[in-house]
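Residue numbers count from 1 along this sequence. This structure is a prediction, so every number in the text was calculated from the model and none was measured.
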Amino acid sequence: MGIGSRRAVTGAATALLLFFATAGAATAEEGPSDDTTISADQTTDINDRQGWEDEPEQPVLEKTPYYCDGPGGQYSWYSITSKKNYFIPSWWNGTKYKDGPGGTMNVSVTKAGTISVDVTGTIEFQTNAIIAKAKTSVSVHVGGSTTITTGHNYSHNISRNKYGHLQYGSWGYKVTWKKLQRVGSCGVKELGHGTATLPTSETGWKYWETSS
């Protein structure tokens, strides 16, 4: 069956997922700059990554700096401590559909928008520094924002007596981070910590089924 008469489009009214920082009085020292933006022509469509989010959270094993040196001789620095595969949906109209029971879904993105980084922390933080660290310790594909254009036509069969769901978004990461500081001659202390949800250049449709 076609999706025309049955598809249900949901999502927020906005086409932009705004960057924000929470957790007490913590704020971002600066937002994503242009060099962290992933343009539409830099994205790669990867659809229906079944089981991709089922991977457990993994620690990020970074080389521990000598307490007397710090990385690169810096007085303070950021460290990514864990990562988890995380699908970041584009929560605006024209990117989410439902159809069924059974049949075939034929969908496309009908409204463009932007998926942006989301960072929280217990202290003020530099978003660009966290993104830069994640690029080296998590994936070179992460960025501050990912542009989603219209199009991206896709079809998927629905199991008998089941309802199919398709959501477009970015195959990103959820990470935890710390900001560390060298103290005295050979000491290190934690200044603060937080989480970040990072979009990547890998975008596509996520599919799942329900009984109703």
Side-chain angles (χ1 to χ4, degrees), residues 10-12 16-24 26-29 31-32 36-38 42-65 71 77-92 95-96 113-148 152 154 156 165-180 190-210:
T10 64
L16 175 66
L17 300 182
L18 296 175
F19 164 82
F20 66 95
T22 58
T27 58
E29 295 174 358
T36 67
T37 299
I38 301 169
Q42 295 174 308
T43 60
T44 301
D45 264 7
I46 303 175
N47 297 313
D48 196 19
R49 275 183 161 176
Q50 291 294 326
W52 188 75
E53 289 183 284
D54 295 338
E55 293 291 328
E57 183 179 26
Q58 300 176 1
V60 176
L61 302 177
E62 297 182 337
K63 182 179 179 181
T64 303
W77 64 94
Y78 290 90
S79 176
I80 303 297
T81 55
S82 71
K83 65 177 181 178
K84 190 179 189 312
N85 296 346
Y86 187 74
F87 181 78
I88 308 173
S90 47
W91 289 112
W92 59 82
T95 63
K96 185 178 182 181
T114 302
I115 299 174
S116 297
V117 62
D118 174 14
V119 185
T120 66
T122 58
I123 58 169
E124 291 188 354
F125 49 81
Q126 291 180 316
T127 303
N128 290 344
I130 295 171
I131 295 171
K133 189 62 179 177
K135 276 183 173 291
T136 61
S137 59
V138 177
S139 171
V140 296
H141 299 297
V142 302
S145 64
T146 301
T147 301
I148 306 298
H152 308 285
Y154 184 62
H156 199 291
H165 302 258
L166 279 168
Q167 168 72 63
Y168 201 83
S170 173
W171 302 102
Y173 295 93
K174 181 172 286 188
V175 304
T176 57
W177 58 267
K178 290 181 179 180
K179 187 174 184 180
L180 305 171
E190 179 184 321
L191 297 177
H193 60 271
T195 63
T197 303
L198 300 162
T200 72
S201 58
E202 296 175 337
T203 59
W205 293 98
K206 177 183 178 180
Y207 179 79
W208 70 99
E209 293 182 343
T210 58

- Item | Distance-only side-chain donor-acceptor flag, S82 / E57, under 3.5 Å | yes
- Spacing of K178 atom NZ and I123 atom CD1 [to the nearest 0.5 Å]: 12.0 Å
- Message: Side chains of L198 and V138, heavy atoms from C-beta outward: is any pair under 4.5 Å?
- Response: no
- Message: Please identify which of these residues, T127, T122, N128, meets the side-chain contact (heavy atoms from CB on, under 4.5 Å) condition with F125.
- Response: T127
- Plane angle bin for Y168 and W205 - parallel if under 30°, tilted between 30 and 60°, otherwise perpendicular: perpendicular
- Task: Rounded to the nearest 0.5 Å, what's the gap from CD on Q167 to CH2 on W208? Could you check?
- Result: 5.5 Å
- Message: Does the plane of the ring in W52 sit parallel, tilted or perpendicular to the ring in W171? Use 30° and 60° as the thresholds.
- Response: perpendicular
- Task: Over all heavy atoms of both residues, which pair between Q42 and T37 is shortest? Give the atoms and the distance, please.
- Result: OE1-O, 3.7 Å
- Ignoring hydrogens and geometry, is there a side-chain-to-backbone donor-acceptor pair from K135 to V142 under 3.5 Å? yes
- Note on the structure: Correct closest heavy-atom pair for A196 and I130 would be CB-CG2, 4.4 Å
- Note on the structure: Taking every heavy atom of T43 against every heavy atom of T203, the minimum-distance pair comes out as CB-OG1, 3.9 Å
- Message: For the OH atom of Y78 and the CD1 atom of I131, what is their distance to the nearest 0.5 Å?
- Response: 11.5 Å
- Query: Taking atom CG of D45 and atom CD of E202, what is their separation to the nearest 0.5 Å?
  - Reply: 10.5 Å
- Query: If you round to the nearest 0.5 Å, how far is CZ of F87 from OG1 of T200?
  - Reply: 10.0 Å
- Which pair of heavy atoms, one from L166 and one from H156, lies closest together, and at what distance? CD1-CB, 4.4 Å
- Message: My understanding is that only one of H165, E53, Q50 makes a side chain to side chain donor-acceptor pair (under 3.5 Å) with K206; could you say which?
- Response: E53
- Crowding at NZ, K84 (>12 non-hydrogen neighbours, <6.0 Å): yes
- To the nearest 0.5 Å, what is the distance between OG (S170) and CD1 (I115)? 5.5 Å
- Task: Could you tell me whether a side-chain N or O of S116 sits under 3.5 Å from a main-chain N or O of S145, the two making a donor and an acceptor?
- Result: no
- Taking all heavy atoms of I88 and all of G172, pick out the closest pair and write down the distance. CD1-CA, 4.3 Å
- Note, N85 side chain near Y173 side chain (heavy atom, < 4.5 Å): yes
- Assess the side chains of T176 and H193: does a donor N or O sit below 3.5 Å from an acceptor N or O? no
- Task: List the atom of K133, the atom of I80, and the distance in Å for their closest heavy-atom pair.
- Result: CG-CG1, 3.7 Å
- Message: Measuring only between side-chain heavy atoms, which start at C-beta, is E190 closer than 4.5 Å to L180?
- Response: yes
- Message: Can you confirm whether D118 sits close enough to T120 that some side-chain heavy atom of one is under 4.5 Å from a side-chain heavy atom of the other?
- Response: yes
